[in-house]
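Structure, as structure tokens:
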Amino acid sequence: MEPYKFSDIEKKWQKRWREQGLFKVDVKNISDKYYCLMMFPYPSAALHVGHGRNYIIGDVVARYKMMRGLTVLTPMGWDAFGLPAENAAIKNGLHPKESTRDNITMMKRQMGSWGVEYDWDREVTSCLPDYYKWTQWIFLKLFEKGLAYRKKAFVNWCPSCNTVLANEQVTDGSCERCDTRVEQKELEQWFFRITDYAQRLIDDLDKLDEWPEKVRIMQRNWIGRSQGVDIDFPVADSDRTLTCFTTRVDTIYGCTYMVLAAEHPMIEELIADSPEKDRIMEFVREVRSESRIERVQTAGEKRGLFTGRYVINRINGRKIPLWIADYVLMEYGTGAVMAVPAHDQRDFEFAKKYGLPVEVVIDDPAEHIDAGKMTEAYEDEGILTGSAQFDGMKSPDAMGAIAGHMEKEGIGGRAVHYKLRDWLISRQRYWGAPIPVVYCDSCGIVPVPEDRLPVFLPEGVEFRPTGESPLKDAPDFVKTDCPSCGGPARREIDTMDTFVDSSWYFLRYISPRLDDRPFDTEDVNNWLPVDQYIGGVEHAILHLLYSRFITKVLYDARYVGFDEPFKRLFTQGMIIKNGAKMSKSKGNVVSPDSLIEKYGADTVRLYTLFIGPPEKDAEWSDRGVEGAYRFLKRVWNLLGVLDAAPGSGGDEDARKSLLRKMHQTIKKVTGDIDGSFHFNTAISAIMELVNRVYAGLSEKGEGCYEKKCIEEVLRNTALLLAPFVPHIAEEIHGRMGGTPESGSETKTSIFKCTWPAFREDMLEADMVTVPVQINGKLRSTIEMPRNLEQKKIQEIVESDEKIKVWLAGKEARKWIILPEKLVNIVV
RNA sequence: GCGGAUGUGGCGGAACUGGCAGACGCGCUGGCCUUAGGAGCCAGUGGUUUUACCGUGGGGGUUCAAAUCCCUCCAUCCGCACCA
């Protein structure tokens, strides 16, 4: 038997799969379609084995579904615009276009070397004009619907990346990419009105029952729906009214002051006549300039200032002071808060600090609260007190009653607010799709007409970030004609957030080369929603929320006929090395290239899949890779076992038992893949099957399996292994003469073969081994025939030597007999 | 603070609706083979004071029977966080 030459085998089959067009799909053929999608990567650096996990899982699913007879579409592309590529380009002094191109070449080679295959005819690259033309088209559609707009707002600014960031790209007050503290800047920026879709984005999460619960919860929390009441407070000695939002309207009678956010637009007007005006404005400016993180860090130490003005709480006619404080956020609710110190911890701390009254209006049903003795706010629900006609009501009832009363009296009304804010999509950076808008002195903001797309990103631009878009220095780009009046106009110089690019790429794969439309609606409707989406949890909020939003917008505009893009989502865990996530900076990156050279792609694939449940993080071990390699050699050597097997004869028991194991394995592997991608246990089952062959040979002798038997087992083993380790499976299959159906030397690909089916009648032996317990403790195992009556089972157990010893001198009080499973005797 | 997850040998991890804990792999031990072994094969491998007992983060409970169900506590990780 020749040795396992993985390198030759893998190169041969990778070449052949491409020649055969194994992964090529005609989208017009929609019979039994299966759209298997991996999140497309940033082409920013070489892939490591952690990245590989994602592609390998996807490849397993694709190949498995293929063997189940489905038409499988698996495309791949490149999320090629954006800061990672640009920053890397700056560092290497290369134009991002070139570094991106080089990285794509490298990554494509790496994917190929893993044996991970795609329909490369559908490759999309988001930084190329034939793609970003349609990203710009998406922008225009949102603009048309009033969903893209420009406004001046306090926005997150990363001083290192020199650009604004979306709320979603700020983690712990720092830039998600470079970890620099994010500042607040008031700038005019482009936004997408995702908040219009907040409710639908929450509601439709219920439809996504094949998504991980964790991701759905994260999205729900991020959107952050709160139900409550908006209450109007007229400003005393003024015709103005301040509205505030509360979720605890039952505490309204305990409101002893009101607080505004420093960014509240009415502040200047309200304090215009105040003698303290300058001092107040100084405070306001100070708070406004603080970064989010600074505000959070000083959370314990709340600061505020009295405005000198009062507002009227109309439910009781009470005049309460109006303050400004750093703990109120302008972005949430209305930027004004009714403060109830007795029942809100923040208000309580603030009131204590500034000597504002604390009045209990919700009593603890368990123990009466004395306002004077409180050390912290009572935030639970309870019984109303000091609340006029609502006294004695329970909080939940009171909320309804008070809200109703307010609506009747015109004091306020029920309202829903969301934490979700509009998506800031403009970036002051070079490497992105230009926003297709021009500014005309006479017409204002004018969208670039569809027939003039794409707005090309100019190439000869110094792209180092300066804080303003580098495109301002490209005069040929900036100067243009107004599409509306033809007069002189200038182009928008900001580019779009890369998350816009990635929010629709899964549609483009269906019609990647169309040049008059972004995609063909009919084809897209046939192929989407995506049957299986696979990627990292890090996109649980950003990318997955944006994609859902854009899909809904396109659905409303009737460009697509579905309102959720991804039917089933799988988020794989990270690969850890030495206790940390693999990263260049930590120096714990395991490169696949040398491993593949040493052991072969199949070994690396097998180990990656065997390492643990794919949805969980897993620690990489180079030793474990050797174990996978050892197993594949044992599989390979089965070809030698087949050669040596006698043409007839053999041991009947060995044969039966092996075939039974084979059918059990087929059942187990099929269930593990279909259910929830339990590849690790599927592989261990195949290992058991292979071990059984060798165990039989060593126990019963070399000739115990006749050729036919080994042939059947090996053929099925190859089929079961094919999705995981496609090259060796294909080679074994080929050496055994291709498909049995063809009966020829044509060497039909194993992936054109049907996934093996198990025979129900072959799963179980005539005899079963039944564990026997006494008082729940295992005392014996007895082999007995199936289908026995309870009485008969009891007889057999009672005659067992071991059990006899245990029962001697004791009285069996109760027999629990589960036929063919277990016997427990209580003594 | 809120939300979510996880906790099983020396290690990665198995265990379906409660029913033989530790499958499979790594590592380790011993043996065979070999000029040699970072190759291959075979056997063993949770712990202990080994007729038996103890063992799934700790404590308690339900049950004939608990890694699995209930209560409680602890630890670690992840996400969100002054959200009114």
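Just so it is clear: chains get the letters A, B, ... in the order the sequence lines come, proteins before strands, and each one is counted from 1.
Relative to the side chain of A:R779, the nucleotides B:rG3, B:rC53, B:rC42 differ in distance, and B:rC53 lies closest. Among the nucleotides B:rC20, B:rA39, B:rC82, the one closest to any side-chain atom of A:K633 is B:rA39. Closest approach to the A:N680 side chain among B:rG19, B:rC42, B:rA14 is made by B:rA14 (side chain taken as heavy atoms from C-beta onward).
One C1' atom belongs to B:rG40, the other to B:rG46, and the distance between them is 29 Å to the nearest Å. B:rC26 sits 13 Å from B:rU45 when the C1' atoms are compared, rounded to a whole Å. For the C1' atoms, the distance linking B:rU62 with B:rU72 amounts to 15 Å, nearest Å.
Between A:R623 and B:rG12 there is no side-chain polar atom (N or O) within less than 4.0 angstrom of OP1 or OP2. Distances shown here put a side-chain N or O of A:S226 below 4.0 Å from the OP1 or OP2 atom of B:rA84. Contact between the side-chain N/O atoms of A:N691 and the OP1/OP2 oxygens of B:rG25 is found at a separation under 4.0 Å. Residue A:R630 has a polar side-chain atom (N or O) positioned under 4.0 Å from OP1 or OP2 of B:rG27.
Checked against the 6.0 Å centroid threshold, A:F6 and A:W636 do not count as a close aromatic pair.
Applying the 3.5 Å distance criterion, the base of B:rC82 shares a donor-acceptor pair with the side chain of A:K302.
Across every strand in view, B:rC28 sits in a pair with B:rG44 that passes the Watson-Crick or G-U test at under 3.5 angstrom.
A tilted orientation is assigned to the rings of A:F350 and A:Y354, their planes being inclined by 30° to 60°.
Here the side chain of A:Y694 pairs a donor or acceptor atom with the backbone of A:R634 at under 3.5 angstrom.
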